[in-house]
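We use all heavy atoms of the structure for the numbers below, so side chains are in, but hydrogens, waters and symmetry mates are not. Model, not experiment: these values are computed from the prediction. Sequence lines set the chain letters: A, B, ... in the order given, protein chains first and strands last, and positions in each chain run from 1.
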There are 2 protein chains.
Amino acid sequence: MDTGKAGPGTRRSGAAGEVWLRPSARRGRGAPPLSRDRIVEEAVALLDAEGADRLTMRRLAERLDTGSTTLYWHVKTKDDVLDLALDAIFAEVGIPPKGGQGWRAGITVLINGWRAVLLRHPWSAALLSRPMLGPNVLARSEFLYATLLEAGVVEPHLTAAAYGLSNYVIGSGLMQATWPTSAEQDVRRAAREHLRANRERYPALATYGPLVAEGDWDAGFALGLTWLLDGIQAGIAGAGDAAGGAVRA
Amino acid sequence: MDTGKAGPGTRRSGAAGEVWLRPSARRGRGAPPLSRDRIVEEAVALLDAEGADRLTMRRLAERLDTGSTTLYWHVKTKDDVLDLALDAIFAEVGIPPKGGQGWRAGITVLINGWRAVLLRHPWSAALLSRPMLGPNVLARSEFLYATLLEAGVVEPHLTAAAYGLSNYVIGSGLMQATWPTSAEQDVRRAAREHLRANRERYPALATYGPLVAEGDWDAGFALGLTWLLDGIQAGIAGAGDAAGGAVRA
DNA sequence: ACCTGAACACCGTTCAAGT
DNA sequence: ACCTGAACACCGTTCAAGT
């Protein structure tokens, strides 16, 4: 594990003329100078590779070939790094072209892309408990609101729709990222057996529950999304009170 | 801050005869002996009072009047404490009586109770990224599945319904617990001004966005819940393909 | 303007030792 | 069976100092 760690003076002090043999940057060829962007990029890589609780200022600095304290010139705190990393991956969520398809299609593409990103970076689920106000997140929220407005959705349906859709993806991403992955077969099996052993207490779960049925995440997600979109659509047509009397909690 | 901290020997060594003046337990009157339950209870209190990142084995131990290392006799790791604390608050979610009302009413009560607990313990939102397999959580999932089954919901609607509802509450709780509270008026205002300053980039958000409109969380949540329930209900009636062709993502 | 090193005040956890 | 203290290998962050 510690193999790559140069002893004191090995690289930093530099033997006579050794400067010319070095490609001017610290690390191998072409490592750009340290910058906020590079720190965030490396943070995402570290998070992808090892998960949220392995992200340490010292370990991050090591990957960037600096001391941990150097990072604090470019970034104010570790929390900043997390905020920036979270916003960075949102850039991967494609924003559908403006007028292309109907509002349902546009929103479906956005939401599915959003979900895909959450699943591709499972650590992000745990970070969603911080306010998301970065430019990439805002750009996607803007698309969502704009599309709904253009479709004719008005308050109180507008807020409910935007929140409902967002909450649904976030919850789904969190749930699925959380769930014992197939890599943890032992945990899955243990959980399943736990349910079956207590089948008199959890009869429905033991037979139909998620750990048993191994339901199709994607199909389930799509179905729930349809329900939300249907509800939103119904609210557009008869703006009055298509939702019945259930609106007030 | 350090006022209450007894100097070495002040309490532990005990002057002659001092035993009889002590009420036999370490702390004031009637402190029950250390136990797993007491640790979890105190952990919840600490989390409620100070939030997730202030929970420390040492600080928790201090509240229990022990050394931090003592906790490890009752609990294996800090993660265990978090898992136990998370399951503990789920006990507050009331499970509706079995046959009382229709399935919609029962599920609505459960979901609203669930949401209320998440909002009452905002720290729990950040912990939802861990598998929830504790007895209290399972009991509530059991109710959900059993009620849906009894209402006649079948696969693939069953899994989609259970996940959809759960994901929706979880996402909502996370979102609302995360959002700058009214206590952080400055953050709210800064965010709002940020949106307005960039109104050409975020036109819809700047005018109708959540930070501006100050929408009613409860009403919005209830509306989205209605949509989900409507979708589930529609699936019961015409079991065939009431959801149209959108099922396969 | 950017980087470094030493240092501070913490962490979670282990373990031999006590009662 | 339960509790304690010392100790280990870490943390995030500050700050004076270097170039």
| Does A:R140 make a cation-pi contact with A:F90, if we ask for NZ or CZ under 6.0 Å from the ring centre and within 45° of the axis? |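 Judged by the rule, A:R140 and A:F90 form no cation-pi pair.
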Could you state the atom-to-atom distance from [atom1] of [X] to [atom2] of [N] in whole Å?
{"X": "A:M57", "N": "D:dC11", "atom1": "CE", "atom2": "P", "value": "12 Å"}
{"X": "A:D80", "N": "D:dG12", "atom1": "CG", "atom2": "C1'", "value": "13 Å"}
{"X": "A:L60", "N": "D:dT13", "atom1": "CG", "atom2": "P", "value": "12 Å"}
{"X": "B:R36", "N": "D:dC2", "atom1": "CZ", "atom2": "P", "value": "13 Å"}
{"X": "B:D79", "N": "C:dT13", "atom1": "CG", "atom2": "C1'", "value": "13 Å"}
{"X": "A:R38", "N": "C:dC2", "atom1": "CZ", "atom2": "P", "value": "14 Å"}
{"X": "B:Y72", "N": "D:dA6", "atom1": "OH", "atom2": "C1'", "value": "15 Å"}
{"X": "B:L64", "N": "D:dT4", "atom1": "CG", "atom2": "P", "value": "11 Å"}

| said: Does D:dA1 have its OP1 or OP2 closer than 4.0 Å to a side-chain nitrogen or oxygen of B:H74? | reply: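 False: B:H74 side-chain N/O out of range (4.0 Å or more) of D:dA1 OP1/OP2.
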| Phosphate contact (D:dC2 OP1 or OP2) by B:W73 side-chain N/O below 4.0 Å | yes
| task | Salt-bridge test for B:R115 and B:D218: reply yes if a basic N is under 4.0 Å from a carboxylate O, no otherwise. | result |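 Salt bridge: yes.
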| request: Could you check which of D:dT13, C:dC3, D:dT4 has an atom nearest any side-chain atom of A:T70? | output: C:dC3
| task | Return the nearest nucleotide to the side chain of B:T69; candidates are C:dG12, D:dA6, C:dT4. | result | D:dA6
| query | Is the count of non-hydrogen atoms from other residues, nucleotides or ligands lying under 6.0 Å from A:R36 atom CZ greater than 12? | reply | no
| Residue matched to C:dT4 through Watson-Crick or wobble contacts both under 3.5 angstrom | D:dA16
| message | Checking base pairs now: Watson-Crick or wobble, both atom distances under 3.5 Å. What partners C:dC10? | response |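 C:dC10 is paired with nothing.
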| said: Donor-acceptor check, side chain of B:T77 to backbone of B:D79, threshold 3.5 angstrom: yes or no? | reply: yes
| said: Nearest 0.5 Å, please: how far is NZ in A:K78 from OG in A:S68? | reply: 12.0 Å
